[in-house]
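For reference, the structure discussed in these notes is given below.
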Amino acid sequence: MDGLDNEDIAYNMNISRSTLNNWSNKFPELYRALHESKDIADRRVENSLYKRALGQMVLQKKAVKVKKTEYDKITGKKVKEEEVIEMVDEEHYIPPDTKAITFWLSNRKPEDWRFKINVNENEGEEAGIIMLNNPLIEQEVEEYEQTCAEIYGGK
């Protein structure tokens, strides 16, 4: 049931959604099971989004060719050589995803990270620009511009 809505669950059970809703209202165990499975699916998606926003190390299986050689113990001569494929774990870093970061912050901290769209043409150079309203970023931009002005004599 993970990730399915009531309509899909009812379809898989060959019943109507209204029948599933009636049963859910009539049987508290069914109601809890439906809601708990949806909560589990939601938590999995939230955890995936969180990991995408932060970046993560993941293990991936990789096939590698290994040469195995057998030598005679007395003469030291090669008696057998073969190549085999073995599966090994390889660790990879997946960097943070900016879309996941933006989605997370704009939903978790909308007062600091909401999108502001200026559509008024009379607002000058900011018209039509999507801006994030975050004072920390504004401060960093000002510091960057000041550093550039000191180094290069302008922005």
Side-chain angles (χ1 to χ4, degrees), residues 1-68 82-149 151-152 154-155:
M1 287 193 284
D2 285 349
L4 298 178
D5 60 19
N6 284 357
E7 189 168 339
D8 292 330
I9 294 168
Y11 175 81
N12 290 339
M13 295 174 66
N14 289 327
I15 60 173
S16 68
R17 191 173 78 190
S18 60
T19 300
L20 181 63
N21 290 339
N22 289 338
W23 290 355
S24 177
N25 292 332
K26 188 174 181 180
F27 302 105
E29 301 85 17
L30 177 61
Y31 177 84
R32 277 194 299 278
L34 291 172
H35 285 278
E36 286 174 9
S37 69
K38 290 174 186 171
D39 287 344
I40 291 169
D42 290 344
R43 294 287 178 249
R44 287 181 180 160
V45 171
E46 288 170 1
N47 288 335
S48 294
L49 174 64
Y50 181 74
K51 288 176 183 177
R52 289 287 300 195
L54 296 180
Q56 62 184 319
M57 295 298 292
V58 296
L59 284 177
Q60 293 179 329
K61 295 280 187 191
K62 181 179 180 179
V64 293
K65 190 187 299 187
V66 178
K67 186 183 282 189
K68 294 189 175 190
E82 65 180 341
E83 291 183 346
V84 294
I85 305 295
E86 291 185 2
M87 297 303 286
V88 296
D89 288 332
E90 193 171 75
E91 197 171 37
H92 291 278
Y93 178 67
I94 298 175
D97 181 289
T98 54
K99 287 183 182 179
I101 294 167
T102 302
F103 183 81
W104 180 272
L105 290 173
S106 64
N107 283 286
R108 298 274 296 196
K109 300 181 105 185
E111 64 283 350
D112 293 332
W113 293 93
R114 72 177 179 271
F115 286 103
K116 177 182 170 187
I117 301 175
N118 294 329
V119 293
N120 186 347
E121 292 180 14
N122 296 328
E123 291 190 28
E125 64 183 66
E126 292 183 355
I129 296 175
I130 297 175
M131 300 171 52
L132 291 175
N133 180 24
N134 187 316
L136 295 175
I137 289 179
E138 292 171 11
Q139 180 182 352
E140 286 183 25
V141 169
E142 287 174 13
E143 290 172 4
Y144 172 76
E145 289 174 347
Q146 185 178 22
T147 303
C148 287
I151 295 172
Y152 303 110
K155 288 186 182 178

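Predicted model only: the values in this text are computed from it and were never measured.
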Hits for ring-ring contact (aromatic ring centres under 6.0 Å, His included) against Tyr11, two or more places apart or cross-chain, chain-then-number order -> none
Measure across Asn6 and Leu20 and return the closest heavy-atom pair with its distance rounded to 0.1 Å. O-CD2, 3.4 Å
For Leu54 and Pro96, work out which heavy atoms get closest and say how close. O-CG, 3.3 Å
Once rounded to the nearest 0.5 Å, what's the spacing between atom CD of Glu36 and atom CD1 of Ile40? 6.5 Å
Between Ala63 and Ile85 the two heavy atoms that sit nearest each other are CB-CG2, 3.8 Å
Rounded distance [0.5 Å steps], NZ in Lys51 versus CE in Met57: 13.5 Å
Where do Ser24 and Leu30 come nearest, in terms of heavy atoms and distance? N-CD2, 3.7 Å
Are the side chains of Lys68 and Glu86 in contact, using a 4.5 Å heavy-atom criterion? yes
If I compare all heavy atoms of Asp8 with all of Asp5, which pair ends up nearest, and what's the gap? N-OD1, 2.9 Å
Approximate separation, where rounding is to 0.5 Å, of Lys26 NZ and Thr19 OG1: 11.5 Å
Atom pair NZ/CD of Lys67 and Glu82 - distance to nearest 0.5 Å: 12.0 Å
Work out which heavy atom in Asp97 is nearest to a heavy atom in Arg52; give both atom names and the distance. OD2-NH2, 2.6 Å
Please evaluate residues Lys61 and Asp89 with respect to the criterion side-chain contact (heavy atoms from CB on, under 4.5 Å), reporting the C-alpha separation (whole Å), side-chain torsions for both, the decisive distance (0.1 Å), and the verdict. CA-CA 5 Å; Lys61 295 280 187 191; Asp89 288 332; 3.1 Å; yes
When rounded to the nearest 0.5 Å, the distance separating CG of Asn21 from OH of Tyr31 is 10.5 Å
From OG (Ser48) to CZ (Arg43), nearest 0.5 Å: 13.0 Å
